[in-house]
Amino acid sequence: MGIISPGFFGRRRRDVPGLPPGQHLTEDFPVLSAGPTPRIREDEWEFTIRTEAGGAHRWSWEEFITLPQEDVTVDIHCVTSWSKLGTGWRGVSLDTLLDSVESTAEYSMAHSYGGYTTNVPVADLRDGKAWIVHQFDGSALAAEHGGPARLLIPHLYFWKSAKWVRGLELLRHDAPGFWESNGYHLHGDPWREERYW
Ligand SMILES: Nc1nc2c(c(=O)[nH]1)N[C@H]1C(S)=C(S)[C@@H](COP(=O)(O)O)O[C@H]1N2
Ligand SMILES: [Mo]
């Protein structure tokens, strides 16, 4: 049996590049859902952006899937402390979707099939920071992980990445979503440990 100083693992852990404070690495892909998994067929799936002025833009699955697609490899961080590095996704940038609507709103609420909501500032959806993804690791996104499509906002804690997403509501004022109403932080930056409030 070798002797390993207690500080050894501690140092290594902090030294993992890409691992925010208080997080540990996981190799598998945990499923975290607040309720039952909605089963939404692609032919009934729709995604709608509503603006603060009452406008709306809606995409059917067919329309969504023919938009420009991006492949992204990103790290994800759950507030319950697991992080998974280098995850691969395919989907449509929020820049592409938001460019279809006229809006100056600074806040948004994501809405999911099943009723889940989460609030995200529009600035956190813009400039290549967020996607609506429909593939994980080269395969169709599994229902447990939010298929047919989910939000992916990897620079915020993973509760912001709404599974089974069905729309985005653009708002003039910030308002808490499901977990934010239950004590989670309004913003959720893992590098600043914006976990609870
Ligand atoms: N619709 C919906 N989206 C959700 C959740 C949920 O319960 N319902 N859980 C959130 C939380 S807390 C996390 S950590 C991630 C988990 O995604 P996963 O199950 O694919 O790992 O989804 C987020 N998106
Ligand atoms: Mo989470």
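Each ligand, and each atom within it, is numbered from 1 in the order the structure gives.
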For this session: Take Tyr157 and Tyr184 through the ring pair (Phe, Tyr, Trp, His ring centres under 6.0 Å) test and state the conclusion after the steps.
Result: CA-CA 10 Å; Tyr157 280 121; Tyr184 282 28; 8.6 Å; no

Please produce the table of protein N or O atoms sitting under 3.5 Å from N or O atoms belonging to ligand 1, one pair a line, distance to 0.1 Å.
| unit_1 | atom_1 | unit_2 | atom_2 | d |
| --- | --- | --- | --- | --- |
| ligand 1 | 1 (N) | Ser112 | OG | 3.4 |
| ligand 1 | 1 (N) | Lys163 | O | 3.1 |
| ligand 1 | 3 (N) | Lys163 | N | 2.8 |
| ligand 1 | 7 (O) | Ala34 | N | 2.6 |
| ligand 1 | 9 (N) | Leu32 | O | 3.2 |
| ligand 1 | 17 (O) | Arg150 | NH2 | 3.1 |
| ligand 1 | 19 (O) | Leu32 | N | 2.9 |
| ligand 1 | 19 (O) | Lys163 | NZ | 2.6 |
| ligand 1 | 20 (O) | His145 | ND1 | 2.6 |
| ligand 1 | 20 (O) | Arg150 | NH1 | 2.7 |
| ligand 1 | 21 (O) | Pro30 | O | 2.6 |
| ligand 1 | 22 (O) | Arg150 | NH2 | 3.2 |
| ligand 1 | 24 (N) | Ser161 | O | 3.1 |

Exercise. Does the pair Arg166/Glu44 count as a salt bridge with the N-to-O cut at 4.0 Å?
Worked result: no

For this session: Determine the minimum heavy-atom distance between Pro190 and Pro20, stating which atoms define it.
Result: O-CB, 3.6 Å

Exercise. With distance as the sole test, does Gln23 use its side chain to make a donor-acceptor pair with the main-chain N or O of Trp82 at under 3.5 Å?
Worked result: yes

Exercise. Is there a path from Trp179 to Ile153 through hydrophobic residues (I, L, V, M, F, W, Y) whose side chains come within less than 4.5 Å of each other?
Worked result: no

Problem set entry | Electrostatic pair Asp95:Arg126 at N-O distance under 4.0 angstrom | yes

